[in-house]
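Reckoned from all heavy atoms, side chains included, excluding hydrogens, waters and symmetry mates.
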Amino acid sequence: MARPRTLNVLEGGISFMRLAGFNFIPAKILRVQYKPTSVSMHWIDRVAKALLKRDKKPVIASGISVSGNIHIGHCNDVFIADGVRRALEELGGEGQAFWYADDFDPMRRIPWPLNEGELAEKYKQYLGIPYINIPSPDPNYKNFVDFFARPFIESLDGFGIDVKIYSGAEIYRSGKMAEPTRTALKHADKIRTILNRYRSKPLPEDWLPYDALCERCGRLATTRSLSWHDNYVSYKCEGSDYVAGCGHEGEADFTKGQGKLTWRVEWPARWKLLGVTCEPFGKDHAVVGGSYDTGKLIAKQVFKCNAPYPVPYEWVSLKGRQMSSSKGVVFTLPQWLEIAEPELLRYFIFRSKPMKAKEFDPGLALLDLYDEYDLVEQVHFGLVEASARRKEQLKRIYQLSQLRKTPRRRVQRVPFRFATVLAQVMRDEKYAINVLTSREMLTDPSKSDIELAFRRLSCARNWVSKYAPERLQFKVAETLPAEAVQLLSKQQKQGLTQLAADLSSRDFTPVELHNHIYELAQRVGLKASELFKAIYLALLGRESGPRVGNFISVLDKEFVISRLGEATL
RNA sequence: GGGCCCGUAGCGCAGUCUGGCUAGCGCACCGGCCUUUUAAGCCGGGUGUCGAGGGUUCGAAUCCCUCCGGGCCCGCCA
């Protein structure tokens, strides 16, 4: 059985007045401040509420530059956007969320894993070229963007995220950006003034907020816009600090996607075009004088619209290292689903405030995340006590962690730690169900309880093989590990024989069995450790393993009896 | 130079937005139990000037100001 435990998630703010202190508290204060049921609102709900005050149909944007693998740090963006949308609907509003792939940006660095070996050589030529125009390293994908973005996009549904997907390149090519671009070009002076407020080195007077695509070399990062007229921007391909230009001079038709607005202008232009009223973004944009600040001013003065309600968020680090798609320090959505349920990632994101740094470690720390999630679930179903205020918070976090609707009935869970043992032993599903029901981890399980159990077992199996320390891994030997068994002493064999007999004559609970081993050891004149060792040698071919009581009770009894018999021949 | 986050028990953290019960949780530690080991033995024990100083308040870990220390981000790419 699970060790009874409480976790720190249950602790915390207690909003009750000190009742015993009535005589110390002036009556007027009591009247004003004593609010035992004071509402503590989740930040997602606070955002949603603020949005509804402004307008009835908020549009929440999210997006990311497809510069490499899209990892769980990037997920904050779309998870928060979708979370706000959901909260809006729950408040009776009508939200719409989308995810925007910045796939028309130029590649400034070759991302992992394309920056290794031969590929690195090959991809050098694409520096400065828009991602969308770079080929995929794998023929199963259309191009660079498809290669990196598709696994992410296809995973979203599995995390309960329901957003519209936009492609920056498509929007430019469709001509939808033509008018905002024209507006920006017309007001280049005004924009320059705004940007210069935060620059120490002012932009040149002939600066234009546009990056043309060089028609000769295909690069976007290398051109300098010289002037514009009608639908055209004339440019020269001069090069940038990381890639040389080809020297070509030409004209780009900005109504046909032959270039794009520079980032700090593109962002507010997008707000205008898509009517964005809320947007989460990484802390890098949130800095004073950063792209949000200038975007706000440009939106107001040039595009005549309001900047979206900002939701800045911190980044996620992986085992203490800053996640980075270019360096390959990544953990992706498909990787997540191998070892953990999607609800856990939502929980991971929604349990703390957005600007609090998050740290993910797929190793042993994952066990704690599982336990914490299960505990919160128990609080939700009223099976574990928490203070009224904390309970309210945890329930909301639990709801936000759900892919869609919050389950009404209590969910039966297999503790993940236990799953890591069972997963290494079970032969088939029926076997697993037997073990789980006989150990009362599942009681009269519903179909969905069983599905959840198997999903968790499959995660546990993957986790053990990919992320667990070796000491947690074991494999029951299919045939008698003859060499190992040769090492057994006479008394050890005697102990095993007796154990086999005891097992066939009665049933043991795991704890009883564990205790029984000690008695047995004494009876045959062995130190307990010698008998434990013998058991592990016979079953695993090594001297240690999972706690014996648990271990044997998840194994097939007949198998254990016959194996012990074989070992003593 | 600017911004954000963090500083609470030996370690890792919750609680801070919305001030109010005796400041909590995990691990570690200490003492018992009947017994190898393992991030699933059991029971009992909190070991703390809530970074420092000032202010507001009946009341401050929580709000305000100043300072100190650590981390990250931005510094004109996006």
Side-chain angles (χ1 to χ4, degrees), chain A residues 1-21 24-26 28-30 33-36 38-41 43 46 64-65 67 102 105-106 108-109 195-203 211 221 240-242 262-264 266-267 282-291 293-294 312-315 317 322 351-353 355-357 359 363-368 371-372 375 387 389-390 393 415-418 420-421 468-469 471-472 474 510-511 514-519 521-522 527-533 536 543-551:
Chain A
M1 287 301 287
R3 176 163 58 108
R5 59 201 304 220
T6 51
L7 286 182
N8 54 1
V9 285
L10 294 183
E11 299 314 315
I14 293 143
S15 59
F16 299 121
M17 293 286 290
R18 196 185 344 156
L19 293 176
F24 298 116
I25 302 164
K28 68 166 193 195
I29 307 247
L30 263 182
Q33 296 191 351
Y34 181 49
K35 287 184 261 175
S38 79
V39 184
S40 71
M41 214 188 281
W43 52 272
R46 221 169 292 144
I64 178 161
S65 182
S67 58
D102 278 309
D105 295 355
R108 41 191 38 256
R109 240 188 326 197
L195 295 181
N196 281 343
R197 279 168 62 167
Y198 298 100
R199 296 173 67 100
S200 52
K201 194 174 132 203
L203 291 162
D211 295 326
S240 73
D241 54 351
Y242 60 92
T262 184
W263 164 249
R264 281 187 185 241
E266 179 182 83
W267 204 17
K283 61 173 175 179
D284 50 335
H285 296 300
V287 170
V288 167
S291 47
D293 271 7
T294 53
Y313 59 83
E314 249 286 357
W315 294 349
S317 61
Q322 204 52 253
R351 70 173 168 177
S352 59
K353 285 171 228 171
M355 275 305 279
K356 242 174 121 115
E359 155 108 34
L364 284 172
L366 184 70
L367 301 176
D368 290 336
D371 282 355
E372 202 178 299
L375 188 62
S387 76
R389 177 166 164 176
R390 191 69 185 140
Q393 288 174 342
F416 190 73
R417 286 165 211 269
F418 179 78
T420 61
V421 176
R471 65 169 196 279
L472 297 185
F474 65 88
V511 176
H514 188 74
N515 290 338
H516 187 72
I517 305 292
Y518 288 97
E519 288 165 25
Q522 223 168 19
K527 279 205 278 187
S529 61
E530 292 299 305
L531 184 51
F532 279 111
K533 224 182 263 182
Y536 292 126
E543 295 193 345
S544 63
R547 196 164 277 275
V548 160
N550 289 315
F551 182 38

What is the separation between atom [atom1] on [X] and atom [atom2] on [N], rounded to the nearest whole Å?
X	N	atom1	atom2	answer
A:Leu366	B:G12	CG	P	21 Å
A:Leu203	B:C77	CG	C1'	12 Å
A:His285	B:G75	NE2	C1'	15 Å
A:Asp368	B:A28	CG	P	12 Å
A:Ile517	B:C34	CD1	C1'	15 Å
A:Asp371	B:A14	CG	C1'	16 Å
A:Leu472	B:U37	CG	P	16 Å

Of all residues at least two apart in sequence or in a different chain, which pass the side chain to side chain contact (heavy atoms under 4.5 Å, CB included) check with [X]?
X	answer
A:Tyr198	A:Asp293, A:Thr294, A:Leu297
A:Asn196	A:Arg192, A:Arg199, A:Pro202, A:Leu203
A:Glu359	A:Ser317
A:Thr420	A:Phe416, A:Ala460, A:Trp463, A:Val464

I'd like to check the salt bridge (Lys or Arg N to Asp or Glu O under 4.0 Å) partners of A:Asp102; sequence neighbours left out, ordered by chain and number. A:Arg270
So if I define the base as every atom that isn't primed, P, OP1 or OP2, how would nucleotides 3-10 of chain B read as a B/S/- string at a heavy-atom cutoff under 4.0 Å? SSSS----
With respect to the side chain of A:Arg199, which nucleotide from B:U37, B:C73, B:C77 is positioned closest? B:C77
Describe the nucleic acid contact of [X] in one word from base, sugar-phosphate, nothing, applying a heavy-atom distance below 4.0 Å.
X	value
A:Trp315	sugar-phosphate
A:Asp105	sugar-phosphate
A:Leu367	sugar-phosphate
A:Tyr242	nothing
A:Tyr536	base

If you find the nucleotide of RNA chain B closest to A:Ala365 and the one closest to A:Gly289, which residue's nucleotide is nearer the 5' end? A:Ala365
Assign each of A:Arg264 and A:Leu364 the nucleotide of RNA chain B bearing its closest heavy atom; nearer the 5' end lies the nucleotide of A:Leu364
Which string of ( ) [ ] | and . matches RNA chain B, if you list each base 5' to 3' and count Watson-Crick or G-U pairs only when both distances are under 3.5 Å? ((((((((.[[[[.)....(...]]]].(((((.......))))).....[[[[[..)....]]]]])))))))....
Residues which pass ring-ring contact (aromatic ring centres under 6.0 Å, His included) with A:Phe474, listed by chain and number, not counting sequence neighbours: A:Phe551
Pairing residues for A:Lys283 by the side chain to side chain donor-acceptor pair (under 3.5 Å) criterion, not counting sequence neighbours: A:Glu314
